[in-house]
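Step one of this worksheet: look at the structure below.
Residue numbering restarts at 1 for every chain, and letters A, B, ... go by the order of the sequence lines. Note that these values count all heavy atoms, side chains included, but never hydrogens, waters or copies made by symmetry. In this text the structure is predicted, and so the values were computed from the model without any measurement.
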There are 2 protein chains.
Amino acid sequence: MDNLFVALVHYPVVNRRQETIASALTNLDLHDIARACMTFGVRAFYVITPFPDQRDLARQIVRHWTEGAGGQLNPDRRQALEKIRIADTLEDVIGQIATERHEPVICVGTSAREGGQAPVTARQLRHRLTVTNDSHLLIFGTAWGLANELLSRCDLQLAPIQGSDTYNHLSVRSAVSIYLDRLTND
Amino acid sequence: MDNLFVALVHYPVVNRRQETIASALTNLDLHDIARACMTFGVRAFYVITPFPDQRDLARQIVRHWTEGAGGQLNPDRRQALEKIRIADTLEDVIGQIATERHEPVICVGTSAREGGQAPVTARQLRHRLTVTNDSHLLIFGTAWGLANELLSRCDLQLAPIQGSDTYNHLSVRSAVSIYLDRLTND
């Protein structure tokens, strides 16, 4: 999927009281999501945080596994973490992708709750990815999910993952994995 | 899925050189897999390790989120971690499930590699879960996956998750999430 990108957002996201916050980096988010992106052929995985020290930390983790001891011991992990790019804002990411591919960038929000706009299913999005060259950026929120101010700026919103009942509190690592599988496998 | 159980095995699993080892507990495995099990209606999630101190650690984590401060702050997480049961061996787990449900227990192994036996697809397994009352125990390995000595004792083996190419190094947290989604959603 040459035109599919993934972004993990640390601001603006919400806490359990639905207040807008900036969340801290989680090491395993980087590993799990990079491995899923590598497995399912995502072009790049952007880690977005406005805090310079958190971006430094993310770069340090990535370097350990791409250039340092981690990557020598574990080449599979190296390949996965090479997918990671660190960014300051969503706007920066959109600009970088537009510069790289010279195609429009379609922002696809995700949420565990139904959004204001009619959601697209994974099947519909997979169809879009094959019939258009547009770049599609699949955007995930940390903490309790993306803030509405970001979701409302997205061009599309993916339908929430439904479980067997009303409970739906997957980790962002699980949600990314499930959506990428759905976009790849029937 | 009243007849579906999940187990996470810390021994016998293999390391990157395919040697049989026992792995250490990972906190986020408990959280992510419990949340996926709760979302997709799995009956119980067994964490299996032969080390008494690791079982104590697992119990301490579970208690914090079910009876302690964590569960009061975050009732959704409490519900998920209440799915967790701690066990010493796979045999113990099979015995517990048989005692609880009075039905045969079918062990379903998972691996990122093709097994010796013909694999079942998630669709085939979903069909089985609806047409039989047998308990099905979906077994996942930590580290580099389940050792062959355990896989060869399973009644069935799920087909590996295929990505877009040959690379297939998902975290166990991702693999559980994807399989449970496939068993629930079409």
Side-chain angles (χ1 to χ4, degrees), chain A residues 1-2 4 15-17 26-43 73-83 112 121-123 126 129 144 159-186, chain B residues 1-2 4 15-17 26-43 73-83 112 121-123 126 129 144 159-186:
Chain A
M1 287 184 287
D2 207 38
L4 182 63
N15 65 11
R16 76 170 67 86
R17 290 181 294 277
T26 298
N27 178 42
L28 269 190
D29 286 352
L30 272 57
H31 284 263
D32 283 13
I33 297 174
R35 293 163 74 178
C37 286
M38 183 68 203
T39 297
F40 293 110
V42 170
R43 187 153 171 153
L73 269 172
N74 191 340
D76 297 326
R77 199 60 64 91
R78 176 178 54 68
Q79 272 186 283
L81 270 77
E82 282 172 352
K83 290 275 176 199
T121 65
R123 183 163 295 175
R126 182 174 55 205
L129 288 167
W144 268 252
I161 296 165
Q162 296 292 343
S164 53
D165 205 334
T166 56
Y167 186 97
N168 177 5
H169 300 283
L170 294 168
S171 75
V172 70
R173 299 167 289 282
S174 292
V176 174
S177 306
I178 289 170
Y179 279 127
L180 292 182
D181 179 55
R182 290 183 180 184
L183 290 175
T184 307
N185 295 306
D186 225 336
Chain B
M1 286 184 287
D2 207 39
L4 182 63
N15 65 12
R16 75 170 67 86
R17 290 182 293 278
T26 298
N27 179 41
L28 269 190
D29 286 353
L30 273 55
H31 284 263
D32 283 13
I33 297 173
R35 292 164 74 178
C37 285
M38 183 68 203
T39 296
F40 293 109
V42 170
R43 187 152 170 152
L73 268 173
N74 191 340
D76 297 325
R77 198 62 64 90
R78 176 180 55 69
Q79 270 187 284
L81 270 77
E82 281 173 352
K83 289 275 177 198
T121 64
R123 185 164 293 176
R126 182 174 54 205
L129 288 167
W144 267 252
I161 295 164
Q162 296 292 342
S164 53
D165 205 335
T166 57
Y167 187 96
N168 177 3
H169 300 282
L170 293 168
S171 75
V172 70
R173 299 167 289 280
S174 292
V176 174
S177 306
I178 290 169
Y179 279 128
L180 293 183
D181 180 54
R182 289 183 181 185
L183 290 174
T184 307
N185 296 307
D186 224 334

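- Under a 3.5 Å cut-off, the side chain of B:Asn185 and the backbone N or O of A:Gln162 do form a donor-acceptor pair.
- Residue contact with chain B, scored on non-hydrogen atoms closer than 4.5 Å, involves the side chain of A:Ile161 exclusively.
- Between chain B and the residues A:Leu180, A:Asp76, A:Leu28, the largest count of heavy-atom pairs under 4.5 Å involves A:Asp76.
- Contact count versus chain A (heavy atoms, under 4.5 Å) is highest, among B:Asp165, B:Ile178, B:Thr184, for B:Ile178.
- Residues A:Asn168 and B:Thr39 approach most closely at CA-OG1, 4.0 Å, considering heavy atoms.
- Per-residue counts of heavy-atom pairs under 4.5 Å with chain A were compared for B:Leu73, B:Thr166, B:Ile33, B:Asn74; the largest is that of B:Leu73.
- Within the 3.5 Å criterion, the main-chain N or O of B:Arg35 finds no donor-acceptor partner in the side chain of A:Tyr167.
- Contacts of A:Ala80 with chain B are made by both backbone and side-chain atoms, with heavy-atom separations under 4.5 Å.
- Options A:Thr26, A:Asp181, A:Val176, A:Val42 differ in how many heavy-atom pairs under 4.5 Å they form with chain B, and the most are formed by A:Asp181.
- With sequence neighbours left out, the side chain to side chain donor-acceptor pair (under 3.5 Å) criterion links B:Ser174 to A:Ser177, B:Ser171.
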Please lay out, stage by stage, how A:Phe40 and B:Leu170 fare under the test side-chain contact (heavy atoms from CB on, under 4.5 Å). CA-CA 10 Å; A:Phe40 293 110; B:Leu170 293 168; 4.1 Å; yes
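- To the nearest 0.5 Å, atom CG of residue B:Leu183 and atom OG of residue A:Ser164 are 11.5 Å apart.
- For B:Arg16, the CZ atom counts as densely surrounded, since its 6.0 Å shell holds more than 12 non-hydrogen atoms of other residues, nucleotides or ligands.
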